[in-house]
Protein chains: 2
Amino acid sequence: MDLSNNTIERICKIFGHLDALEKRGVDFVSSKELAGEIGATEYTIRKDISLLGGPGYTRKGYEVKSFKKELGEKFLLTKRRKACIVGLGRLGTALLDYENFQEDGFEIVAGFDCSVNKIERIRTSIDVFAVSRLEEIVEARDIELGIVAVPAESAQEVVDLLTKAGVKGILNFSPVKVNIPTHIVHLDMDFTNALRFIAARFIMKKT
Amino acid sequence: MDLSNNTIERICKIFGHLDALEKRGVDFVSSKELAGEIGATEYTIRKDISLLGGPGYTRKGYEVKSFKKELGEKFLLTKRRKACIVGLGRLGTALLDYENFQEDGFEIVAGFDCSVNKIERIRTSIDVFAVSRLEEIVEARDIELGIVAVPAESAQEVVDLLTKAGVKGILNFSPVKVNIPTHIVHLDMDFTNALRFIAARFIMKKT
DNA sequence: TTTTTTTAGTGAATTTATTCACAGATAATA
DNA sequence: TATTATCTGTGAATAAATTCACTAAAAAAA
Ligand SMILES: NC(=O)c1ccc[n+]([C@@H]2O[C@H](COP(=O)([O-])OP(=O)(O)OC[C@H]3O[C@@H](n4cnc5c(N)ncnc54)[C@H](O)[C@@H]3O)[C@@H](O)[C@H]2O)c1
Ligand SMILES: NC(=O)c1ccc[n+]([C@@H]2O[C@H](COP(=O)([O-])OP(=O)(O)OC[C@H]3O[C@@H](n4cnc5c(N)ncnc54)[C@H](O)[C@@H]3O)[C@@H](O)[C@H]2O)c1
């Protein structure tokens with residue numbers, strides 16, 4: 001299948017919202033409600049969903065449980081995925097113990113840092129290693145995702161390591177553009193850019 | 001002016017890249033190079049820039065220094081903006097001491113938490129307060145941006161407080177959809193969703 | 001000096017994304 | 001039971017975003 005990034009992003013949000021609804025014991029949800037929740041129109045949502053063929057029911061909407069299951073299967077979002085965090089500084093250690101990842105199907109199974117001191121001092125239930133063992137551990141533990149939380153100047157180096165180790169996706173928190181081979185899916189989370197975006201919209205706002 | 005979100009986002013990235021180039025002492029940059037750096041085509045970049053009327057020079061490109069200055073002025077990105085962080089847990093404290101914000105023109109001038117214990121224990125150069133003083137401090141210090149790093153269940157409450165206090169923008173790190181009045185610019189940073197997006201693209205990728 | 005190459009700027013063409021409009025279905029209501 | 005209101009699904013229309021194609025300018029090379 002061949003969905004646009006916009007559609008994939010919305011689908012992910014829908015999945016998250018279905019999860020919340022399921023936990024709240026809600027049985028059905030309409031495209032209108034989903035739209036409000038994820039910031040889109042009901043038309044767009046229905047188009048998105050129609051691409052996946054999910055069945056909706058007249059005057060009821062979509063059945064939360066089965067729809068979530070369907071999305072989970074189609075996108076393999078129910079498959080538990082293993083991830084590692086590289087760089088166990090302030091941000092990295094916060095991420096290491098972020099329980100939501102676990103709940104949402106992402107298992108942080110290893111942390112890496114170049115500082116042996118740091119590794120010894122960290123108190124966490126997750127295994128932490130010297131970054132020199134990254135390749136070995138990523139392979140041994142079938143890690144698919146790498147989360148980069150090292151300083152900007154080390155980011156490329158770490159990305160290269162992760163690439164070599166064979167991860168399939170990278171989430172980059174360092175505020176630099178890193179070179180990542182196209183066969184690896186990646187996303188940058190740049191907080192400064194987020195603040196700039198907000199500030200720029202103070203002035204230039206389109207609705 | 002009335003720019004699309006896509007354009008604004010690219011402009012912010014361009015601004016960031018110009019900043020990096022300036023620090024590296026580079027004088028000119030072409031649309032092609034910018035395009036490669038921020039993940040767009042040279043055509044799109046030129047269209048974006050043409051909307052702002054920035055002058056480019058034949059066979060040289062854009063003059064880094066003056067172009068950055070121009071963008072900074074047009075979008076008020078050079079204006080230093082004051083921000084506060086609400087919720088000084090693992091993520092909040094990491095953000096509190098993130099020096100890049102400072103460098104990039106965002107000044108974290110206050111932190112808030114509901115736990116008095118926590119406030120007393122925190123070691124940072126930034127002033128921290130009980131959340132009950134939020135409104136007072138936001139007004140007194142002219143804080144324009146609120147960064148939300150409290151647990152999901154407190155997010156709406158904190159957003160309401162920030163709204164009441166009169167911030168102009170909110171960056172939300174809690175993984176829930178909060179209700180924010182339309183006159184406030186806001187952006188959600190949902191890490192789980194980011195990982196889901198990456199995972200979904202393992203399967204459904206469009207280029 | 002002349003030619004070639006590189007680059008911006010921009011209207012037109014194309015592609016992509018969103019929204020509309022309405023048929024079909026069914027639950028709720030009268 | 002008949003009617004009304006609500007919801008999906010989808011082709012058509014519209015809108016938006018991107019890409020193309022070409023002009024003009026000027027630096028570099030010949
Ligand atoms: N702190 C924040 O709130 C924050 C916010 C946004 C972005 N970031 C970005 O996230 C990254 C980490 O920020 P931080 O504040 O946690 O930094 P930090 O300095 O606290 O931690 C960085 C860690 O990376 C380790 N490291 C350095 N080079 C390494 C390498 N080659 N291999 C493995 N480990 C290595 C260091 O030993 C250190 O433990 C930075 O790129 C920063 O710009 C941080
Ligand atoms: N830890 C992470 O790496 C991470 C990653 C992504 C998202 N998040 C999100 O960021 C938020 C914070 O995460 P965390 O791990 O730092 O949590 P945390 O529990 O470590 O910290 C939350 C802090 O918020 C404070 N707080 C609670 N209610 C408050 C209120 N009404 N007003 C002011 N302060 C209040 C608490 O006292 C605590 O200090 C959560 O919503 C979490 O889902 C965290």
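A note on names: the letters A, B, ... follow the listed sequences, proteins ahead of strands, and every chain is numbered from 1. Side-chain atoms are counted along with the backbone in the values below, which use heavy atoms only and exclude waters and symmetry mates. Every value quoted in this text rests on a predicted model; they were computed, and no experiment measured them.
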- Roughly how many Å is it from CD1 in A:Ile49 to P in C:dT18, rounded to a whole number? 14 Å
- Query: In whole Å, what is the span from the NZ atom of B:Lys47 to the P atom of C:dA12?
  - Reply: 11 Å
- Would you say A:Tyr43 reaches C:dC20's phosphate, i.e. side-chain N/O to OP1/OP2 under 4.0 Å? yes
- Message: For A:Lys69, I'd like to know if atom NZ has over 12 heavy atoms of other residues, nucleotides or ligands within 6.0 Å.
- Response: no
- Query: Quick one: is C:dT18 close enough that its OP1 or OP2 comes under 4.0 Å of any side-chain N or O from A:Thr41?
  - Reply: no
- Any donor and acceptor pair, going by atom type alone, linking the side chain of A:Thr7 with main-chain N or O of A:Leu3 inside 3.5 Å? no
- Taking only the side-chain nitrogens and oxygens of A:Tyr62, find out if one of them lies under 4.0 Å from OP1 or OP2 of D:dG9. yes
- Quick one: A:Asp48 CG to D:dT10 P, roughly how many Å, whole number? 14 Å
- Query: Between B:Ser31 and C:dA8, is there a side-chain N or O to OP1/OP2 distance below 4.0 Å?
  - Reply: yes
- Counting only distance, no hydrogens or angles, is the base of C:dT5 paired donor-acceptor with the side chain of B:Arg59 under 3.5 Å? yes
- Nearest-Å distance, CG (A:Leu51) to C1' (D:dG11)? 14 Å
- Item | Over 12 foreign heavy atoms within 6.0 Å of NZ, A:Lys74 | yes
- Message: What is the distance, to the nearest angstrom, from the CG atom on A:Leu52 to the P atom on D:dT10?
- Response: 12 Å
- Query: Within the pair A:Thr44 and C:dT18, is there a side-chain N or O less than 4.0 Å away from OP1 or OP2?
  - Reply: no
- Determine: side-chain N/O of A:Asn5 to OP1/OP2 of C:dT16, distance under 4.0 Å, yes or no. no
- Does A:Arg46 put a side-chain nitrogen or oxygen below 4.0 Å from OP1 or OP2 of D:dG9? no
- Message: Is there a side-chain contact between A:Thr58 and the phosphate of C:dA27, meaning an N or O under 4.0 Å from OP1 or OP2?
- Response: no
- Let me know, please, whether B:Glu42 or A:Thr7 comes out on the 5' side of the other along DNA chain C by nearest nucleotide. B:Glu42
